[in-house]
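Here the structure comes first, spelled out in structure tokens, and everything after it is commentary.
Atoms considered below: every heavy atom in the structure, side chains included; atoms not considered: hydrogens, waters and symmetry mates. In this text, all values refer to a predicted model and were calculated from it rather than measured experimentally.
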Amino acid sequence: MAKIQAIRGMNDILPEQTPVWQYVESTVRQVLGQYGYQEIRMPVVEHTELFKRSIGEVTDIVEKEMYTFDDRNGDSLTLRPEGTAGCVRASEEHGLLFNQTRRLWYTGAMFRHERPQKGRYRQFHQIGVECFGMAGPDIDAELLILTARLWKALGLADHARLEINSIGTSASRKVYREALVQYLEQFREQLDEDSKRRLSTNPLRILDSKDPATRDILQGAPSLDDYLDDESRQHYDQLKAMLDAAGVPYTENPALVRGLDYYGKTVFEWITESLGAQGTICAGGRYDGLVEQLGGKSTVAVGFAMGLERLILLLETLGLVPDHVNNQADVYVTAMGEQAVVPAMALAETLRNELPGAMVVSHCGGGSFKSQMKKADRSGARYAIILGENEIAQGTVGLKPLRDDEPQQDVAQAELAGVLAGLL
């Protein structure tokens with residue numbers, strides 16, 4: 001019978017890989033905690049209509065990439081392709097947005113049916129941050145400042161650069177969209193196929209085209225900046241002043257737009273060139289109309305999402321995963337002979353009580369001295385504890401260093417925790 005394998009583009013995260021995931025997640029949790037952000041957890045499956053109404057029915061995600069199915073009741077359900085819509089739905093449903101401001105964050109798996117490639121998968125993981133009820137550019141600036149702090153905490157400050165833009169209100173974008181379409185219609189036959197399709201569905205996305213011929217055509221296109229309304233321009237200018245005051249460098253990119261329909265005013269991307277081709281590791285912006293679009297009371301909002309797979313790939317590529325981030329034991333407790341099994345188990349528990357920060361692994365399954373020491377070495381432990389009949393009789397243990405040439409020593413069991421505390 002053939003073995004069943006994982007679905008293509010949906011990957012297992014193995015025990016050797018999870019420590020770096022835990023490191024990144026804990027670092028993000030710590031930084032967000034400094035700024036007063038609260039964690040929210042939403043379901044993986046939502047009603048399909050939620051994403052059609054929020055993301056937009058003519059986006060690539062809704063048209064081609066969502067995992068959608070009918071359940072036994074005939075309801076159309078979708079595995080979430082992004083987190084913002086679900087966060088808005090949960091916040092509105094549970095009254096979190098009524099006459100109050102919110103700073104929320106979440107993490108979890110997202111799903112898109114696209115061609116798997118390095119750093120891009122069908123099941124992928126994101127950390128998302130969403131802020132509600134704050135209209136000024138100060139909260140936009142805070143998001144960018146805290147993200148800059150995160151890059152410093154991860155050692156990535158020199159490998160991530162910020163691009164920002166303002167795409168104005170929906171009214172100013174509508175006027176600009178008409179001017180852009182009028183200009184691009186002259187070159188319809190020279191546009192790449194994706195841009196031809198977007199010309200009638202989502203023309204602003206053409207500004208982000210990577211096709212060289214389309215990029216050349218865009219050189220003469222109307223500038224979105226020329227169509228910005230006064231409110232958006234003032235918001236954008238104040239944001240830049242705040243970033244300047246905080247010492248967060250940025251580049252203005254007038255071609256920067258976001259792929260989802262709900263964005264307006266501020267948009268931004270954190271980009272790295274350290275993964276070969278230019279890669280976005282964090283992106284977001286302001287979406288003041290989304291809550292109302294999903295049936296709630298008009299609520300201003302801004303947020304971002306970062307892909308964990310790509311962030312971890314960047315850390316590993318640059319060799320920036322700290323040495324202490326591993327799944328290796330500190331101490332490995334062996335039991336030599338049947339009489340030592342119970343005392344060894346009790347000794348390991350005592351060490352865990354007295355050394356709460358240490359990883360203490362008990363040998364289980366029996367075996368010779370040689371086989372137990374091989375497993376101790378394989379565990380990555382710095383020290384092996386050897387407990388046999390002689391040691392039990394004498395109230396001692398053998399303390400054997402495994403990572404250097406220091407000699408084994410006998411230590412009284414009552415003193416063992418204190419000795420290890422000084423060594424670890």
Side-chain angles (χ1 to χ4, degrees), residues 21-41 82-84 87-88 91 96-97 100-108 125-166 235-253 256 258 263 265-272 274 279-288 290 299-312 314-315 320 322:
W21 284 75
Q22 293 165 348
Y23 163 66
V24 171
E25 290 163 349
S26 64
T27 304
V28 172
R29 185 184 301 271
Q30 180 182 15
V31 170
L32 289 171
Q34 287 184 282
Y35 287 80
Y37 286 72
Q38 298 175 301
E39 184 179 5
I40 184 171
R41 303 188 182 193
E82 57 93 48
T84 300
C87 186
V88 170
S91 298
L96 303 186
L97 307 182
Q100 55 192 312
T101 61
R102 287 282 182 176
R103 289 174 167 92
L104 303 175
W105 75 277
Y106 52 85
T107 184
H125 300 78
Q126 285 187 340
I127 289 175
V129 176
E130 318 290 355
C131 304
F132 299 98
M134 293 164 272
D138 47 0
I139 189 63
D140 305 22
E142 178 179 282
L143 286 180
L144 296 171
I145 292 166
L146 76 82
T147 314
R149 180 180 293 272
L150 174 62
W151 303 149
K152 289 180 182 177
L154 292 172
L156 292 172
D158 294 333
H159 303 277
R161 61 179 177 83
L162 173 62
E163 291 190 354
I164 62 173
N165 191 25
S166 177
H235 186 103
Y236 187 48
D237 289 342
Q238 290 175 345
L239 169 64
K240 289 185 289 184
M242 291 175 185
L243 294 177
D244 291 338
V248 176
Y250 57 86
T251 301
E252 294 184 69
N253 180 359
L256 176 62
R258 302 294 299 131
Y263 284 106
K265 290 186 178 175
T266 305
V267 291
F268 58 85
E269 291 186 0
W270 287 93
I271 294 168
T272 183
S274 298
T280 301
I281 55 174
C282 175
R286 184 163 277 280
Y287 52 95
D288 292 343
L290 182 57
T299 304
V300 293
V302 61
F304 67 71
M306 61 180 69
L308 282 174
E309 279 86 353
R310 190 171 292 184
L311 195 54
I312 289 167
L314 179 59
L315 288 171
L320 292 175

For [X] and [Y], which heavy atoms make the closest approach, and how far apart are they?
X	Y	answer
Ala305	Gln126	CB-OE1, 3.8 Å
Tyr106	Cys87	CE2-CB, 4.0 Å
Tyr23	Leu315	CE2-CD1, 4.4 Å
Tyr287	Gly303	CE2-N, 3.6 Å
Cys282	Phe304	SG-CD1, 3.5 Å
Val302	Gly285	CG2-O, 3.3 Å

Quiz item: Distance only, no hydrogens: is a donor on one side chain within 3.5 Å (strictly under) of an acceptor on the other, for Glu163 and Thr251?
Solution: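 Judged by distance alone, the side chains do not pair up.
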Quiz item: Any chance the side chains of Glu130 and Thr84 put a donor and an acceptor closer than 3.5 Å?
Solution: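 A donor-acceptor contact under 3.5 Å links the two side chains.
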Quiz item: For Trp151, which residues count as a ring-ring contact (aromatic ring centres under 6.0 Å, His included) partner, sequence neighbours excluded?
Solution: Trp270
Quiz item: Residues two or more places apart in sequence or in another chain: which of them pass ring-ring contact (aromatic ring centres under 6.0 Å, His included) with His159?
Solution: none
Is there a side-chain contact between [X] and [Y] (heavy atoms, below 4.5 Å)?
X	Y	answer
Leu320	Leu314	no
Cys131	Arg102	no
Ser91	Leu104	yes
Ile127	Leu311	no
Phe268	Leu144	yes
Val248	Met242	no

Exercise. I would like to know whether Thr107 and Leu308 meet side-chain contact (heavy atoms from CB on, under 4.5 Å); could you show each step before the answer?
Key: CA-CA 9 Å; Thr107 184; Leu308 282 174; 3.9 Å; yes
Quiz item: Got a sec, which residues hit side chain to side chain donor-acceptor pair (under 3.5 Å) with Glu142, two or more places apart in sequence or on another chain?
Solution: Tyr37, Arg103
Practice problem: With sequence neighbours left out, write down each residue that passes side chain to side chain donor-acceptor pair (under 3.5 Å) with Asp140, or none if nothing qualifies. | Solution: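 Side chain to side chain donor-acceptor pair (under 3.5 Å) list for Asp140, sorted by chain: His235, Thr266, Arg286.
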Can you give the donor-acceptor pairs under 3.5 Å from side chains of residues 28-35 to other protein atoms, not counting sequence neighbours?
| from | atom 1 | to | atom 2 | distance (Å) |
| --- | --- | --- | --- | --- |
| Arg29 | NH1 | Glu39 | OE1 | 3.0 |
| Tyr35 | OH | Arg149 | NE | 3.0 |

For [X], side-chain contact (heavy atoms from CB on, under 4.5 Å) partners two or more places apart:
X	value
Ala241	none
Lys240	Ile164, Tyr236, Asp237, Tyr250, Glu252
Ser26	none

Quiz item: Is there a side-chain contact (heavy atoms from CB on, under 4.5 Å) between Leu162 and Leu243 once you walk through the steps?
Solution: CA-CA 11 Å; Leu162 173 62; Leu243 294 177; 4.3 Å; yes
Quiz item: So Ile281 and Met306, side-chain contact (heavy atoms from CB on, under 4.5 Å) or not? Walk me through it.
Solution: CA-CA 6 Å; Ile281 55 174; Met306 61 180 69; 6.0 Å; no
Exercise. Answer yes or no: is there a donor N or O on one side and an acceptor on the other, between the side chain of Asn165 and the main chain of Leu256, under 3.5 Å?
Key: yes
Quiz item: Within the side chain of Thr272, is there an N or O that forms a donor-acceptor pair under 3.5 Å with the backbone of Ser274?
Solution: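 Yes, because the side chain of Thr272 sits within donor-acceptor range (under 3.5 Å) of the backbone of Ser274.
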